[in-house]
Amino acid sequence: MHPIILFVGYLLITITPLLLGALQNLPPRPLLDEIATGLGMTAFAILLVEFVLSGRFRTISGRVGMDVTMRFHQLVARTALLFILVHPYLYSTSPFGTPLPWDATGELTLGLDTGSLITGLIAWMALPCFVLMAIFRDQLPYRYEVWRAMHAIGAVVIAAAVTHHALEAGRYSADPWLAGFWFVLLGLALASLGWTYVIAPLRQARHPYEVTSVRKIALKTWELALRPKRGDALDFEAGQFAWITLGHSPFSLQENPFSISSAPAERPDIRFVIKEVGDSTRRIGDVKRGTVAWLGDAHGNLTLTGRKAKGIALIAGGVGIAPLLSIARQMRAEDDPRPMILLYGNRVAEQIVYADELEGLSGRPNMEVVQIVSEPRPDWAGRVGLIDRETIGQVFGFEDAAEWLYILCGPPAMLESVEDALLAHGVAGNQIVAEQFYYD
Ligand SMILES: Cc1cc2nc3c(=O)[nH]c(=O)nc-3n(C[C@H](O)[C@H](O)[C@H](O)COP(=O)(O)OP(=O)(O)OC[C@H]3O[C@@H](n4cnc5c(N)ncnc54)[C@H](O)[C@@H]3O)c2cc1C
């Protein structure tokens with residue numbers, strides 16, 4: 001779906017509770033009280049939509065990218081946290097059942113019963129812990145899978161507490177239309193969770209794969225090859241990624257996202273380039289041939305589809321080469337006539353994958369591969385340095401190169417500096433597509 005439609009849809013959903021509240025025409029209250037209630041209701045809507053945003057739906061992340069979707073998810077979670085923290089402090093009214101002395105009619109009394117006070121407090125205290133645990137995920141002594149399970153359970157507990165609090169304590173949420181809205185949103189949130197943890201694994205279970213080879217192809221870097229045990233292989237576009245589960249049940253949370261490095265034209269074989277970084281990737285070399293594997297749907301917008309380009313510039317840092325290899329291989333398989341330059345940077349030459357194949361690509365009339373290494377050994381004959389503005393200028397020339405499509409993949413810092421360099425060379429922002437491997 002187009003990003004603008006998504007954004008407008010998102011805004012509409014988050015302001016609907018305010019509109020439904022305004023339509024109730026309840027007697028006016030002090031402005032701060034209305035703001036407090038408005039912030040609480042908006043935060044509740046944001047929290048429920050968070051389930052859908054993190055649900056790996058291609059309709060949502062297909063055009064904007066999964067990394068952008070996840071960054072938006074993180075940003076709005078922090079916004080909702082702020083709203084919820086402020087929410088109780090803005091009320092000028094008594095949160096308890098007994099009217100304050102100056103409120104003879106009880107109109108300024110929120111009338112929280114013990115139950116709704118407790119659920120409100122639970123959400124109010126749990127949400128900061130929950131968001132902090134997400135921000136400092138990498139510093140926590142838990143494996144990613146354990147953190148993910150805690151994140152899902154925590155989200156359900158908070159959503160349940162807020163629902164109870166809103167329906168019991170809310171001045172506006174008792175209204176059947178608004179209550180109905182909350183139930184629909186809650187239903188969507190739970191359905192997203194059901195999709196991620198039940199339906200998607202069930203779909204995967206019908207299409208088992210097996211590992212056909214695991215081999216070391218560079219320093220701390222492995223090639224993993226899979227083939228479906230039955231039926232067709234995953235439908236994907238060059239440049240996309242998929243979540244893989246190796247040797248565990250598809251219902252386990254032991255899945256990791258990896259870009260597909262082989263071309264769609266090579267199906268049913270599907271290959272990945274995997275770098276050792278953590279718990280499971282460090283053990284990738286121990287995976288045996290014949291190990292069962294499960295693949296989720298293909299995601300990611302690092303693709304050529306629907307994009308105009310006179311030429312294709314692929315800029316990779318380290319293992320970011322994986323999706324770009326898929327694109328280069330597919331262009332080779334289709335004899336794509338457009339010029340293509342692959343600029344591939346590494347710290348040391350030992351990190352370079354498929355050196356021979358890259359040399360072969362470079363030998364084709366419309367394709368060129370430029371390698372650059374930042375810490376070369378004395379025998380390195382290629383370029384030395386980083387993929388910076390100067391290197392980019394030298395490699396792409398920039399006459400009609402500004403009308404090329406630039407596809408970037410690599411560490412976050414590299415992506416940022418390469419994007420800045422391309423913009424400085426006059427490349428339009430919409431001609432640059434980037435994806436990072438880390439959802440920070
Ligand atoms: C879209 C995308 C494409 C990727 N493609 C590649 C690739 O082609 N080759 C490659 O080597 N690496 C790729 N990665 C990175 C790869 O997913 C992580 O390095 C890997 O999951 C780490 O797993 P681990 O168990 O070894 O490390 P852990 O110690 O478990 O985790 C290290 C870090 O990796 C990230 N991570 C771990 N598991 C997941 C998960 N299930 N979902 C999201 N992030 C996770 C987290 O940030 C975590 O903090 C990609 C990541 C993303 C998001």
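We count ligands from 1, going down the list as the structure has it; atoms in each ligand are counted the same way. Quantities reported herein were computed from a predicted structural model and do not represent experimental measurements.
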message = Regarding R71 and D67, does a basic nitrogen lie under 4.0 Å from an acidic carboxylate oxygen?
response = yes
query = Under a 4.0 Å heavy-atom limit, does P257 contact ligand 1 with its side chain, its backbone, both, or neither?
reply = both
Residue pair T391 / L386, side-chain heavy-atom distance below 4.5 Å = no
request  = Would you mind finding which of W222, Y144, F258 brings a heavy atom closest to atom 43 (C) of ligand 1?
outcome  = Y144
ask   = Going by the order shown, which atoms of ligand 1 are within less than 4.0 Å of some heavy atom of R137?
value = 46 (C), 47 (O), 49 (O)
Shortest reach to atom 41 (N) of ligand 1 by a heavy atom, considering only Q436, E255, R282, E276 = E255
message = List ligand 1 atoms under 4.0 Å from V277, heavy atoms only on the residue side.
response = 19 (O), 22 (C)
inquiry  = Using side-chain heavy atoms (C-beta onward) and a distance below 4.5 Å, is T303 in contact with Q240?
reply    = yes
query = So does R338 pair up with D336, basic N to acidic O under 4.0 Å?
reply = yes
Please report, to 0.1 Å, the donor-acceptor pairs under 3.5 Å made by any side chain of residues 2-21, with sequence neighbours excluded.
| residue | atom | partner | partner atom | Å |
| --- | --- | --- | --- | --- |
| H2 | ND1 | I4 | N | 3.1 |
| T14 | OG1 | Y10 | O | 3.0 |
| T14 | OG1 | L11 | O | 3.0 |
| T16 | OG1 | L12 | O | 2.5 |

query = Against heavy atoms of S280, which atoms of ligand 1 measure under 4.0 Å?
reply = 23 (O), 24 (P), 25 (O), 26 (O)
query = Going by the order shown, which atoms of ligand 1 are within less than 4.0 Å of some heavy atom of G278?
reply = 24 (P), 26 (O), 27 (O), 29 (O)
query = N/O to N/O below 3.5 Å, does that happen between S259 and ligand 1?
reply = yes
key: Pair K229 + E210, salt bridge at N-O below 4.0 Å   = no
key: Option nearest atom 49 (O) of ligand 1 (shortest heavy-atom distance, choices D138, D279, D67)   = D138
key: Numbering as shown, the atoms of ligand 1 that approach W243 to under 4.0 Å (heavy-atom distance)   = 41 (N), 42 (N)
task = Answer yes if the ring centres of W243 and H299 are under 6.0 angstrom apart, and no otherwise.
result = yes
Contact check: V273 vs ligand 1, nitrogen or oxygen atoms, below 3.5 angstrom = yes
inquiry  = With a cutoff of 4.0 Å, is F272 in contact with ligand 1, counting heavy atoms of the residue only?
reply    = no
inquiry  = In the structure I gave you, are the side-chain heavy atoms of R329 and R271 within less than 4.5 Å of one another anywhere?
reply    = yes
ask   = Can you list the ligand 1 atoms lying under 4.0 Å from a non-hydrogen atom of F241?
value = 1 (C)
ask   = So, the side chain of W147 versus the backbone of M133: is there a donor-acceptor pair under 3.5 Å, distance only?
value = yes
ask   = Charged N to carboxylate O under 4.0 angstrom, R56 versus E255?
value = yes
task = Mind checking whether V319 contacts ligand 1 via backbone (N, CA, C, O), side chain (CB onward), both or neither, at a 4.0 Å heavy-atom cut-off?
result = side chain
Contact (N/O only, under 3.5 Å) between E145 and ligand 1 = no
ask   = Non-hydrogen atoms of M66 versus ligand 1: any pair closer than 4.0 Å?
value = no
Determine all donor-acceptor pairs shorter than 3.5 Å in which one atom belongs to a side chain in residues 183-207; sequence neighbours excluded.
| residue | atom | partner | partner atom | Å |
| --- | --- | --- | --- | --- |
| S192 | OG | L188 | O | 2.8 |
| T196 | OG1 | S192 | O | 3.0 |
| R203 | NH1 | D297 | OD2 | 3.1 |

ask   = With atoms numbered from 1 as shown, which atoms in ligand 1 lie under 4.0 angstrom from a non-hydrogen atom of A322?
value = 8 (O)
remark   = Here the atoms of ligand 1 under 4.0 Å from any heavy atom belonging to I274 are 11 (O)
